[in-house]
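A short write-up of the structure that comes next.
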Amino acid sequence: MRAHASVLHLDLDAFFAAVEQRDKPSLRGKPVVVGGVGGRGVVATASYEARRFGVRSAMSTREARSRCPHAAFLSGRFHAYRESSRLVMGVLRSVSPLVEPLSLDEAFVDLEHAGLPDLEVPTVTGFAEQLRARVAEATGGLTASVGVGTSKFIAKVASDLDKPDGLVVVPPGTEVELLRPRHVSVIPGVGPATAERLRRTGIHTVADLESVSLEELVRLLGRAHGTGLFALARAEDDRPVVPEREAKSVSVEGTHDTDLTDRRLMEALLTRQAGEVAARLRKHGLSGRTVTIKVRLHDFTTLSRSTTLASPTDRTTTIARLARGLLTDLDTSGGVRLLGVGVSGLADWIQDDLFSELAEEEDEEETPVEVEVTTGRRRPTWAPGMDVEHADLGRGWVWGSGRGVVTVRFETADSPAGPVRSFAEGDPALSAWVPAEAGEDPA
DNA sequence: TCTGGGGTCCTAGGACCC
DNA sequence: TCTGGGGTCCTAGGACCC
């Protein structure tokens with residue numbers, strides 16, 4: 001916690017809906033709901049006019065329609081939102097080099113580097129008002145709620161106190177009295193599950209939370225969460241404003257209006273999603289080692305399965321077949337409402353030098369071998385995703401290996417659901433398949 | 001026909017290594 | 001045949017955020 005109120009949090013009001021109302025005057029003053037418009041859609045943002053009818057973020061669109069049938073229901077124009085967000089972040093960066101975006105519509109700004117004459121309450125208040133005016137001017141009238149305090153936590157709580165179009169500066173030294181009477185859910189990280197656990201222990205307000213010992217909180221919520229909440233309950237927060245953070249994963253998922261039951265269709269969808277993930281990886285110069293699929297069953301049970309390559313990839317073929325392979329061990333007979341593919345364990349280098357030229361030339365696909373240049377203590381001879389050839393059964397790829405057994409799926413472009421067989425790791429009939437032009441023996 | 005999509009962080013158990 | 005501990009990596013699931 002700082003001596004001065006020098007952390008600012010800005011939150012654009014009903015952002016997606018406000019952009020729609022700005023760009024389409026006939027929507028102004030009317031209820032607007034942006035979100036999924038399909039049978040299983042949920043509300044992303046409701047305009048304040050729609051909120052008066054009880055429409056809220058994360059509510060199903062079905063329910064929103066029944067509460068406010070005359071609202072405009074829009075599926076969203078993300079290019080427009082991104083563009084407005086870019087303008088806002090530009091304004092913020094013009095006043096401080098330390099701007100940390102949290103999402104398209106929210107950011108922290110560190111005022112210690114904003115060149116203010118001092119950081120007293122009247123000074124930062126005037127500065128924040130000017131900033132709000134500049135945001136409105138730059139975006140064609142979008143309003144923002146702003147909070148300023150001695151930490152990220154306090155600034156964020158403050159920006160919520162006078163929405164929409166408000167400004168709250170919390171004077172240094174008044175943080176604890178601001179927090180004590182409020183419900184524990186004002187603390188970021190206290191969601192429904194944590195709030196319920198605390199409630200069952202008789203903890204409702206921040207003041208209640210403050211009276212609980214560190215040991216008790218850790219016992220109740222675990223090491224990380226417990227220690228974090230212990231500090232926040234006392235308004236202790238030294239987290240810095242961090243301008244750039246590297247992505248840790250890239251994923252694509254989709255919910256279907258009717259449950260999927262056809263495995264071939266599921267495999268086709270995973271393949272398409274793998275292509276989107278791979279394209280985004282390449283666009284950002286990233287590649288990753290761990291491929292994960294996400295499957296939500298008809299009853300909303302959510303499963304994930306993952307596998308890790310010896311070296312990172314950004315290629316559709318590799319990601320797609322690993323994703324399809326991961327699906328094979330799941331029982332989807334009851335129907336699947338959501339399917340997704342993600343890649344994590346990201347590296348910002350693309351490929352091994354030897355193969356990067358090849359990959360560039362071909363610009364995706366067609367380089368069948370993901371050669372395992374293994375580093376670290378494990379050096380699997382048979383790594384998941386590796387192309388192999390069996391003397392009798394032909395070409396396939398490694399689905400898994402371990403305990404002396406390697407499992408191969410004989411799947412080709414012509415026969416996407418080929419058989420799966422297991423072999424001893426030393427089986428002489430099985431060998432790594434190498435493209436002729438690479439001329440390298442990975443084993 | 002309740003319950004999106006894109007993320008982050010944490011936990012816990014097992015494998016494996018020293 | 002019995003007995004350890006620490007550290008890291010991997011997988012699966014869950015809570016949470018906007």
Side-chain angles (χ1 to χ4, degrees), chain A residues 9 11-12 14-16 33-45 56-67 75-76 78 81-82 85 101-107 152 156 159-160 185 187-198 218 221-229 239 242 245-259 273 276-277 280 289-310 326 329-330 335 337-346 374-380 383-384 400 402-403:
Chain A
H9 179 255
D11 192 345
L12 293 157
F15 179 51
F16 297 168
V33 178
V34 179
V37 294
R40 286 171 167 171
V42 300
V43 174
T45 312
R56 296 284 178 272
S57 292
M59 172 183 284
S60 74
T61 299
R62 175 173 306 278
E63 183 170 355
R65 279 191 205 277
S66 86
R67 291 191 185 218
S75 62
F78 279 82
Y81 309 152
R82 258 191 286 275
S85 179
L102 296 178
S103 62
L104 288 181
D105 66 337
E106 261 187 62
K152 282 182 162 181
K156 174 118 170 121
S159 70
D160 229 30
S185 57
I187 301 176
V190 177
T194 305
E196 173 59 19
R197 262 195 206 183
L198 294 173
V218 167
L221 305 171
R223 174 62 49 188
H225 210 184
T227 52
L229 251 49
R239 293 171 298 165
V242 182
R245 276 185 294 176
E246 283 174 17
K248 304 230 159 123
S249 66
V250 172
S251 65
V252 171
E253 64 186 52
T255 294
H256 300 270
D257 279 352
T258 54
D259 290 349
Q273 290 174 322
E276 292 171 36
V277 168
R280 276 166 52 192
R289 288 178 57 219
T290 301
V291 174
T292 304
I293 65 164
K294 178 170 166 183
V295 177
R296 181 120 73 206
L297 304 177
H298 63 290
D299 65 353
F300 220 72
T301 314
T302 305
L303 307 171
S304 67
R305 289 294 181 272
S306 64
T307 186
T308 299
L309 292 157
L326 288 166
D329 97 339
L330 295 177
R337 60 180 290 143
L338 172 145
L339 263 186
V341 178
V343 171
S344 57
L346 301 186
T374 310
T375 56
R377 76 199 151 68
R378 255 186 240 180
R379 197 188 169 286
R403 296 188 191 82

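Computed from a prediction, not measured in an experiment: that's the story for all the values here. Every chain is numbered from 1 and lettered A, B, ... according to where its sequence line falls, protein lines coming before strand lines.
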Closer than 3.5 angstrom, by distance alone: can the side chain of A:Arg40 be matched with the main-chain N or O of A:His256 as a donor-acceptor pair? yes

Take nucleotides 12-18 of chain C nucleotide by nucleotide from the 5' end and write B, S or -, depending on whether a protein heavy atom sits under 4.0 Å from the base, only from the sugar-phosphate, or from neither. SS-SSSS

Is the backbone N or O of A:Phe300 less than 3.5 Å from a side-chain atom of A:Thr302, with the two atoms forming a donor-acceptor pair by type? yes

Counting any heavy atom closer than 4.0 Å, what does A:Val250 reach on the DNA or RNA strands: base, sugar-phosphate only, or nothing? sugar-phosphate

Should stems be defined as at least three consecutive Watson-Crick or G-U pairs with both distances under 3.5 angstrom, which of them involve DNA chain B? B:5-18 with C:5-18

With nearest nucleotides of DNA chain B determined for A:Asp299 and A:Arg280 from heavy-atom distances, which residue corresponds to the more 5′ nucleotide? A:Asp299

Could you state the atom-to-atom distance from CZ of A:Arg337 to C1' of B:dG4 in whole Å? 9 Å

Rounded to whole Å, how long is the line connecting atom CG of A:Leu330 with atom P of C:dT11? 14 Å

How far does the C1' atom of C:dC18 sit from the matching atom of B:dT1, given to the nearest Å? 26 Å

A:Asp257 CG to B:dC2 P: how many Å, rounded? 13 Å

If the P atom of B:dC2 is compared with that of C:dC17, how far apart are they to the nearest Å? 26 Å

B:dT3, C:dC10, B:dG6: which one has an atom nearest the side-chain heavy atoms of A:Arg289? C:dC10

